[in-house]
Number of protein chains: 2
Amino acid sequence: MKNPVTPEGERISEAEYAVMDALWQASPLSATEICAHVCQDRDWSLATVKTLVSRLVAKNVVDAEADGRRYLYSPRIQRSDYVGGESRRLVDRLFGGKAAPLFAHLAESEALSDDDLAEMEALLKELRK
Amino acid sequence: MKNPVTPEGERISEAEYAVMDALWQASPLSATEICAHVCQDRDWSLATVKTLVSRLVAKNVVDAEADGRRYLYSPRIQRSDYVGGESRRLVDRLFGGKAAPLFAHLAESEALSDDDLAEMEALLKELRK
DNA sequence: ATTCATCGACTACATCTGTAAACGAACGCG
DNA sequence: CGCGTTCGTTTACAGATGTAGTCGATGAAT
C-alpha cells in the first residue's frame, strides 16, 4: 500500500503528530492535559486538540480509556515504529532507499554537528561487526 | 515560516514531487512527455499530470516556456535544495534536529545495507579530518 | 436543587490533495 | 479548407487536514 504508517495504513498528519508526541512523552492524558502540553507551542485551542485526538482514536493509533466522565488517552503505536516508518518513507521517496545519499546531503547542508559526527562514528562502529 | 520548501514557502505534495522528479531527470519537457515518464508508474492520466504541472507552475517551482501551441516545463528549484530541505524537516520534526538517531532508526529497521554502511563510513572518514 | 464548569460528540468550513473530465483554441494532414 | 488531434485552461469533486464552534450530558460546588 501507499501508507505504511499505522496498522490500518492510515497516515498521521503533522498536527496529529504533535498530539502523539505529547502522549509519547507521558500517558495516559486527558484532552485537557494534552492541551497543556501542546496548546501554547502550536497556538491551538482545546477544541482543536479534541478534534485531533478524536481523529487519532478513529485511526486506531490512540486508545481511549474511560475515566469517569472523561477519557484518558494513550498511544497504541510505538514512537519508534512511527519514526522508523517515516524515516524509511523519506529515504525511499527521495533517495531510492539508500541511506548514504541522505547522510551525504545532511553533511553537505551543514546539518551535521560535530556531536552528530561523533555519534555516527560510534554507531557505525557498533553496526559493523 | 513553517515550510522552507519553495521560495514562497509553498509545499510540494507527494504527487507533485513525482512530476518534479521527472523534470529533474530531464527538462524541459511538455506535459505529454512528463506523462510518458510517470503515467505508467503512478497509473495517472494525462489530465492528472496537467493539473499537477499547473499547480507547480502556480507555486512557482516550475517554469513554463512557450513552444508554439504548447509549453515546455523546467524545474525552477534544484533537486538538492528540495531534498535537503525535506531531509532537514524530517530530522527536525522527528529527531530534534539530531541526525544520529535517524540513522540509528534506519539501522534498526533494517534499512541500512552493507553498501550503505560502507559508503557512510567512507563519507565519515572524509568529513573527519 | 440550581448553577457553573467541563467533557466528549457532532458540526463547520476553508484549504490542500489526488484524480480527472469538459471545453475551446489551434495545428497538421489530407 | 475541414477534421480530428493535441494543448492548456477551467471546472469538478471526494477525501484529508487545520482549526474551531455548538450543544447536550454530567459532575462539582454551594
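Below, chains carry the letters A, B, ... as their sequence lines are ordered, and counting in each starts from 1.
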Can you tell me the distance, in whole Å, between the [atom1] atom of [X] and the [atom2] atom of [N]?
X: A:Arg11; N: D:dG15; atom1: CZ; atom2: C1'; answer: 15 Å
X: A:Tyr71; N: C:dC7; atom1: OH; atom2: C1'; answer: 10 Å
X: B:Lys59; N: C:dC16; atom1: NZ; atom2: C1'; answer: 8 Å
X: A:Glu16; N: D:dT19; atom1: CD; atom2: P; answer: 12 Å
X: B:Ile12; N: C:dC16; atom1: CD1; atom2: P; answer: 15 Å
X: B:Glu14; N: C:dT17; atom1: CD; atom2: P; answer: 11 Å
X: A:Trp44; N: D:dG21; atom1: CH2; atom2: C1'; answer: 17 Å
X: B:Arg69; N: C:dG24; atom1: CZ; atom2: P; answer: 18 Å

Given side chain to side chain contact (heavy atoms under 4.5 Å, CB included), test A:Arg76 with A:Leu56 step by step and report yes or no. CA-CA 10 Å; A:Arg76 284 187 81 65; A:Leu56 288 166; over 6 Å; no

For DNA chain C, find the residues of residues 31-39 of chain A with a heavy-atom distance under 4.0 Å and give them by number; none if there aren't any. A:Ala31, A:Thr32

Starting at CG of B:Asp67, measure out to CZ of B:Arg70 and round the result to the nearest 0.5 Å. 5.0 Å

For the CD atom of A:Glu14 and the CZ atom of A:Arg42, what is their distance to the nearest 0.5 Å? 6.5 Å

Quick one: on DNA chain D, does A:Ala15 or A:Gly68 contact a more 5' nucleotide (nearest heavy atom)? A:Ala15

Looking at side-chain heavy atoms only, is the closest gap between A:Ile77 and A:Ile12 below 4.5 Å? yes

Using side-chain heavy atoms (C-beta onward) and a distance below 4.5 Å, is B:Trp44 in contact with B:Leu52? yes

Using the rule given for side chain to side chain contact (heavy atoms under 4.5 Å, CB included), can you reason through B:Arg79 versus B:Asp21, listing the C-alpha separation, both sets of side-chain angles and the distance that settles it, and then say yes or no? CA-CA 8 Å; B:Arg79 185 192 161 93; B:Asp21 215 28; 2.4 Å; yes

B:Glu16/B:Lys59 salt bridge by N-O under 4.0 Å criterion: yes

Does a side-chain N-to-carboxylate-O contact under 4.0 Å join B:Arg89 and B:Asp92? no

Classify the angle between the aromatic ring planes of A:Trp24 and A:Tyr82 as parallel (below 30°), tilted (30 to 60°) or perpendicular (above 60°). tilted

Between the opening five pairs and the closing five pairs of the helix from C:dA1-D:dT30 to C:dG30-D:dC1, how far apart are the helix axes, to 10°? 10°

Which part of the nucleic acid, if any, lies within contact of B:Asp43, taking any heavy atom under 4.0 Å across all strands shown: a base, the sugar-phosphate backbone alone, or nothing? sugar-phosphate

For a quick check of understanding: with a heavy-atom distance under 4.0 Å over all strands, which category does A:Tyr73 fall into, base, sugar-phosphate or nothing? sugar-phosphate

If you assign A:Arg70 and A:Arg55 each to the DNA chain C nucleotide with the nearest heavy atom, which residue ends up on the more 5' nucleotide? A:Arg70

Which atom names give the shortest non-hydrogen contact between A:Met120 and B:Leu124, and what distance separates them? C-CD1, 3.9 Å

Can you see which heavy atom on A:Leu23 is nearest to which on A:Ser74, and at what distance? CD1-C, 4.4 Å

What parts of residues 46-54 of chain A reach DNA chain D, counting only heavy atoms under 4.0 Å away? A:Ala47, A:Thr48, A:Thr51, A:Leu52

How far apart are the C-alpha atoms of A:Asn60 and A:Glu10, what are their side-chain angles, what is the distance that settles it, and do they pass the side chain to side chain contact (heavy atoms under 4.5 Å, CB included) test? CA-CA 9 Å; A:Asn60 259 300; A:Glu10 312 265 16; over 6 Å; no

